[in-house]
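Structure record follows, encoded as structure tokens.
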Amino acid sequence: MIIRSLAARTCRALPRGSSLQPLRRFLSTDIDSIESSADNSFKQLGSLEAQLNAQVPQQVPSASSETQASSPAAQTSESVAEQYHLYKQQQQQLGHLGTEISQHYQPHTLLNNPPSAADVTLELLLASEAHQGHATSLWNPANARYIHGIRQGVHIISLEVTAAHLRRAAKVVQEVSKQGGMVLFVGTRDGQDRAVVRAAELARGYHLFERWIPGSITNGQQILGKCRMKVVNEKDEEIVGFEEQLDERSVLRPDLVVCLNPPENYVLLHECALNNIPTIGVIDTNADPTWVTYPIPANDDSIRCIQVIAGVLGRAGELGQKQRFDAAAKGVITYRPAKDLTMPEQDTSKDKAPKAKVDLSRTFMKDGGLEDADELEGKLDEANNREGSGRRIKVVA
Amino acid sequence: MAHREFSRGVRRAVDSLGNLPRSQCERTIRIARRSFHGSASRCVSTTTVRSAEFTSDTQEKFTAAPPIDFGKASGGKGGGKRLLQTLRVVPASPSYFSAKPTFTDDYISLTALLRRVATLPIIPTSEAPKVAWKTIDQYRIMTNEPVKTQRFHKMLHVLRRLNCIHPTLMPPEVMQAMQRYKKDVQPGDIKPAPGVIDEWGRAKGVGRRKTSSAVAWLVEGEGEALINGKSLAQFFGRLHDRESAVWALKATHRLDKYNVFGLVTGGGVTGQAEALTLAVAKALLVHEPALKPALRRGESVTANLLPFHPPSRLVSFPSEPHVRRPCFICSCRLTRGGGRIVVTSPA
């Protein structure tokens, strides 16, 4: 019995130890022998060289390793470039071989190819942790209607509500973009900058990923006074010649603000509320939903969730801009033009693009009527809206 | 016993083998049933819980703007007839609301560029080409924006990383992008014309110190010196001045190998002696350029024109005690009170 168990134990260990060790030994002796033979051949080569050099007046190029590495820096730099190109080539040829990994999370895809409002599914929101709220003790009771339940002491946001609110917000961004409004995307937390910039790029909007300077709306002339503005036509091409008028013009304000972290942007949202600027905000369970006009109940601590939301809103803005350009191509202006702009002098208009010049000559014939229209419009505005230029979306007379 | 163990193990292995395909099957079916986006399922949050950073009692209550009524707000029809009816005023940059649009655009474009070229091979920072980047003040003047120092350093960090790309693989667009942040004059751009030894074997050197200026000619010889037609001992009364006039030769042990002819004008005796130091050192460098490190160690080729510290500094700290400390401008051996730190002969 004892002998049998001993045999069973040792037999298992036997093939491992006994078979590999001699192999390794053979390998090492092999290498040694190869090295020694190489040394020998080098020595022979060296002696041959010496003999040859003694007989021939001209030096024979040596084959030894020391002389080959005469300019090591130049050679390595050459080889780095070569190796890199070789690596790239091989990656192109062989990169697609091997196992195919299907459907896995790649962090950059949410930035490179963000989902549109139609792609928003509960699975996407769940995967991006949009449902995770805060600890129940931190909650704001105003969010009760967005909360699905409690799990492990943490509020769980109802994803149906999130999806519905996100689609509504996307509609708002789309419509504002279609009507030529300025959409400002704000995300001032670490890691939100790329999502914010990408959304603004898609929606042709504006971005802010550092601190909101308090007073940028209520005291804008002091803070944004030096920032350059431009005059664009319906195709968003810059029209030159209005620089003098722009210098005297008051600073611009956003028409819609998308805030991805409302708790840290109290000042911004307060200024927007004071100036009647509608806001969209990602409302976690600890945030106050009354701070924003259109809340999106979701987890604002997850970068992935923020990327999904910013991407959806950016895509919506992209769609709205496309609708605006389509309408402009048909000659329909979907936005209210800027007030108080007068045509620059003829000599300055020579710098303009030829297309703009044609429009200009057409305009000058009707200049008299235009001023009246502007005045009337201004009076109507004052009556309707105490902010004047606060609301850009309005019927044009 | 071993046999029994073995058989049990075999049975377990067979069981697990039998189970494995079925479970994998089920998993694949479940994956297929899931929609396109539900591929990754994690239930544990990786982000830390952030505590609320606001307290409602201290903040003023406000009500957000009412929802937009898109029905009443629609664009004008057929407004494209006239140019003025089609114009909008918009910010020139998408970073308008950051109040630093140029800087923010620069930063975004640089980080985007770095993301594009991040996989290129790099060299260590010490081997990267030396670049003088614009200082924050120069950048502020260029952009006319109140850029914060910390943000500017973040941008410099990106620039230094771009500069570390392997020179053989440096993309031209990176070179072009970096050009904007470089100073107009880069180190190594200005190279002084090399000195020449004329037909009589003379090398000329010019030196200045305080208000003195000296011209020295150096020829190979036995160690004689003629300053304004006088010998060294006749011209300089102080031993110290005699030594400092030919300090460059002494520091490099060439005192008996060259003859010096010097012409000195202006200033006092000490200034003239120290102007000669620089003149002789420069002339010596024409004869033997390899002596430069030795002369640097001997501190005789550092031009030091300033008599004392700038007066403004003295005025702004009138009650500062008289402290012996090296000059903060060029770390030369002059100290605040005009005293000298004894220079030991170089190794």
Side-chain angles (χ1 to χ4, degrees), chain A residues 4-5 8 77 80-81 84 103 105 121 123-124 127 129 132 134 138 175 179-180 184 197 200 206-208 210 213 216 223-224 227-234 252 263-264 266 270 273 276-279 286 291-293 301-302 331-335 337-338 341 359-360 363 370 393-394 396, chain B residues 1-2 31 34-35 37-42 45 47-54 56 59-60 62-68 70 72-80 82-99 101 104 108 120-121 144-145 151 166-169:
Chain A
R4 229 193 292 164
S5 64
S77 67
V80 164
Y84 180 74
Q103 287 204 8
Y105 171 54
T121 54
E123 288 89 345
L124 173 65
E129 294 181 357
Q132 301 267 14
H134 278 274
L138 297 173
E175 199 64 20
Q179 304 196 3
L184 171 62
V197 172
Y206 304 89
H207 54 72
L208 181 74
E210 277 164 8
I213 299 171
S216 293
I223 290 163
L224 304 178
C227 302
R228 205 171 75 81
M229 294 184 281
K230 62 181 180 183
V231 174
V232 293
N233 63 4
E234 75 273 20
L252 296 167
E264 283 98 51
Y266 168 80
H270 193 189
N276 221 17
I277 295 167
T279 48
N286 66 340
W291 283 11
V292 293
T293 313
D301 300 290
S302 159
V332 180
I333 303 301
T334 52
Y335 54 88
L341 276 184
D359 280 10
L360 204 68
T363 329
L370 194 73
I393 303 148
K394 213 162 249 268
V396 178
Chain B
M1 201 162 77
I31 286 168
R34 258 186 253 152
S35 77
H37 292 288
S39 54
S41 60
R42 287 182 295 152
S45 172
T47 51
T48 53
V49 172
R50 191 180 288 257
S51 63
E53 281 152 36
F54 61 97
S56 52
Q59 282 166 349
E60 187 189 337
F62 64 86
T63 322
I68 311 168
F70 288 110
K72 98 180 173 197
S74 65
K77 301 279 180 197
R82 290 179 294 179
L83 179 63
L84 270 189
Q85 294 280 357
T86 67
L87 293 185
R88 295 191 300 151
V89 179
V90 292
S93 155
S95 316
Y96 179 77
F97 290 100
S98 66
T104 314
I108 289 172
L120 287 175
N144 196 19
E145 281 168 10
R151 310 256 183 265
H166 204 280
T168 52
L169 289 164

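Note that the structure is a prediction, hence the values are computed from the model and not measured. All chains are named by letter (A, B, ...) in the order of the sequence lines, taking the proteins before the strands, and each is independently numbered beginning at 1. Computed over heavy atoms, backbone and side chain alike; hydrogens, waters and symmetry mates excluded.
A/Glu175 and B/Phe70 make their closest contact through CG-CD2, 3.0 Å (heavy atoms, listed as atom of the first residue, atom of the second, distance). Minimum interatomic distance between B/Phe97 and A/Leu208 (heavy atoms only, all atoms of both residues): O-CD1, 3.6 Å.
No donor-acceptor pair under 3.5 Å is formed between the side chain of A/Tyr206 and the backbone N or O of B/Ser93.
By the side-chain contact (heavy atoms from CB on, under 4.5 Å) test, B/Glu145 is found to be paired with B/Lys100, B/Pro101, B/Thr102, B/Phe103, B/Thr143, B/Val147, residues two or more places apart in sequence or in another chain being considered.
With a 4.5 angstrom heavy-atom cutoff, A/Leu224 touches chain B via backbone and side-chain atoms both. Heavy atoms of A/Ile213 lying under 4.5 Å from chain B belong exclusively to its side chain. Contacts of B/Thr63 with chain A are made by backbone atoms alone, with heavy-atom separations under 4.5 Å and no side-chain atom involved.
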| task | Mind running side-chain contact (heavy atoms from CB on, under 4.5 Å) on A/Glu210 and B/Ser98 for me, showing each step along the way? | result | CA-CA 7 Å; A/Glu210 277 164 8; B/Ser98 66; 5.7 Å; no
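The candidate from B/Ala99, B/Pro94, B/Pro167, B/Pro121 with the greatest count of non-hydrogen atom pairs under 4.5 Å with chain A is B/Pro94. When A/Val232, A/Thr279, A/Val231 are compared by the number of non-hydrogen pairs under 4.5 Å with chain B, A/Val232 comes out ahead.
For the pair B/Pro67 and A/Thr293, the minimum side-chain heavy-atom distance is below 4.5 Å. B/Ser95 has its side chain within reach of A/His207: a pair of non-hydrogen atoms, C-beta onward, lies under 4.5 Å apart.
Atom OH of A/Tyr335 is separated from atom CD of B/Gln85 by 10.0 Å, given to the nearest 0.5 angstrom. One distance of note links NZ of A/Lys230 with CZ of B/Arg88; it measures 9.5 Å at 0.5 Å rounding. Separation of atoms CG (A/Leu184) and OH (B/Tyr96) is listed at 11.5 Å; rounding is to 0.5 Å.
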